[in-house]
Amino acid sequence: MSTLLNQIDKELLPRHIAIIMDGNGRWAKEKGEDRLYGHFHGVESVRNIVEGCAEMGIEYLTLYAFSTENWERPEQEVTGLMELLVSTIRKEVATLNKNNIRLHVIGDMKMLPGFAQKELKEALEITKENKGLNLIMALSYSGRWELGNAAKEIAIQVKEGKIEVRDINEKMIESFLCTKDFPDPEIMIRTGGESRISNFLLYQLAYAELYFTQVRWPDFRKENLYEAIVDFQGRERRFGKTGEQVTKSIKTQ
Ligand code: IPE
Ligand code: IPE
Ligand code: MG
């Protein structure tokens, strides 16, 4: 068994891991290949990390696969990514079922081409009874889009007299987000070397531990994930309190 995996405290696993899968294009370029070649190889990392999370008993894994801003990329890349998405889902749905994994999607589904919407809907339906890992794909997603949408929805409900302005609070806002059924991620990993959030889960990452690695997404494997979790478990999460308060509350638990 991997020594890194042995170092992980199974009692202190994050419930929810979020990942910005970045670096596919540069990985391909470094090999003298086309960007799509990188995306294609990124799918192998998705398989490996999903499997790793399921094996550990992680409850939620959110993967940032395509952002609102990514629509601005060259048409050929966008089309290639959509086709890759559909062919991957088609191929993997049986494995998801076999491993008791439930698929979810967050993002502006209406923006996706019809064939992708159809494939996704079917996969959501087929996996909806699964009770193991919740695999959440962020597609045509961005935090600002999500928050704008929530604001619009809340405004409509206020206008229709369904909610009172004084009842708007954090809990209510959360109930209007795409992630309303999931806990906030405790850790956010970004591969590929950049140290930024790029419009991912802006509300939900408020207290997430951020972990940035140089490893390009197509090279990211279970061992890299274990390394991130070990790092996460070594951190002191204070949530605004003092270090003393936090250690005391752990000791008295
Ligand atoms: C991440 O890899 C995948 C998507 C954004 C769809 P990139 O395509 O952003 O790869 P780099 O950052 O250009 O290397
Ligand atoms: C973030 O990566 C989006 C995804 C991984 C899906 P980008 O490559 O689009 O982010 P920037 O442009 O470097 O910030
Ligand atoms: Mg990138």
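Just follow the structure's listing: the first ligand is 1, and inside any ligand the first atom is 1.
Contact annotation for atom 12 (O) of ligand 2: protein absent (non-hydrogen atoms, distance under 4.0 Å).
Within the 4.0 Å heavy-atom criterion, the part of A65 lying near ligand 2 is the backbone and not the side chain. Here F66 has backbone heavy atoms under 4.0 Å from ligand 2, and that is the only part of it that gets that close. Contacts between R73 and ligand 2, counted as non-hydrogen atom pairs separated by less than 4.0 Å, involve the side chain only. Of all the heavy atoms of R26, none lies under 4.0 Å from any atom of ligand 2, so neither backbone nor side chain is involved. Here M21 has backbone heavy atoms under 4.0 Å from ligand 2, and that is the only part of it that gets that close.
For the ligand labelled ligand 2, residue E72 lies outside the 4.0 Å heavy-atom shell. Heavy atoms of E69 come nearer than 4.0 angstrom to ligand 2 in no pair at all.
Considering only heavy atoms from C-beta on, Q204 stays 4.5 Å or farther from T62 through its side chain.
Residue contact check: D22 has heavy atoms under 4.0 Å from atoms 1 (C), 2 (O), 7 (P), 9 (O), 10 (O), 11 (P), 12 (O) of ligand 1. Close contacts between ligand 2 and R196 involve ligand atoms 11 (P), 13 (O), 14 (O) [criterion: under 4.0 Å to a heavy atom]. Distances below 4.0 Å separate heavy atoms of R35 from the following atoms of ligand 1: 7 (P), 8 (O), 10 (O), 13 (O).
Listed for the S140 side chain is no donor-acceptor partner under 3.5 Å among the backbone atoms of T68.
Side chains of R190 and T213: a donor-acceptor N/O pair is absent below 3.5 angstrom, by distance only.
With ring centers used as reference points, H104 lies under 6.0 Å from F182.
Annotation: cation-pi geometry satisfied between K31 and W27 (NZ/CZ under 6.0 angstrom from ring centroid, within 45° of ring axis).
Residue N70 holds the heavy atom nearest to atom 9 (O) of ligand 2 of all those in N199, N70, L63.
Taking the Mg ion (ligand 3) as reference, the nearest N/O/S atom within D22 carries the name OD1.
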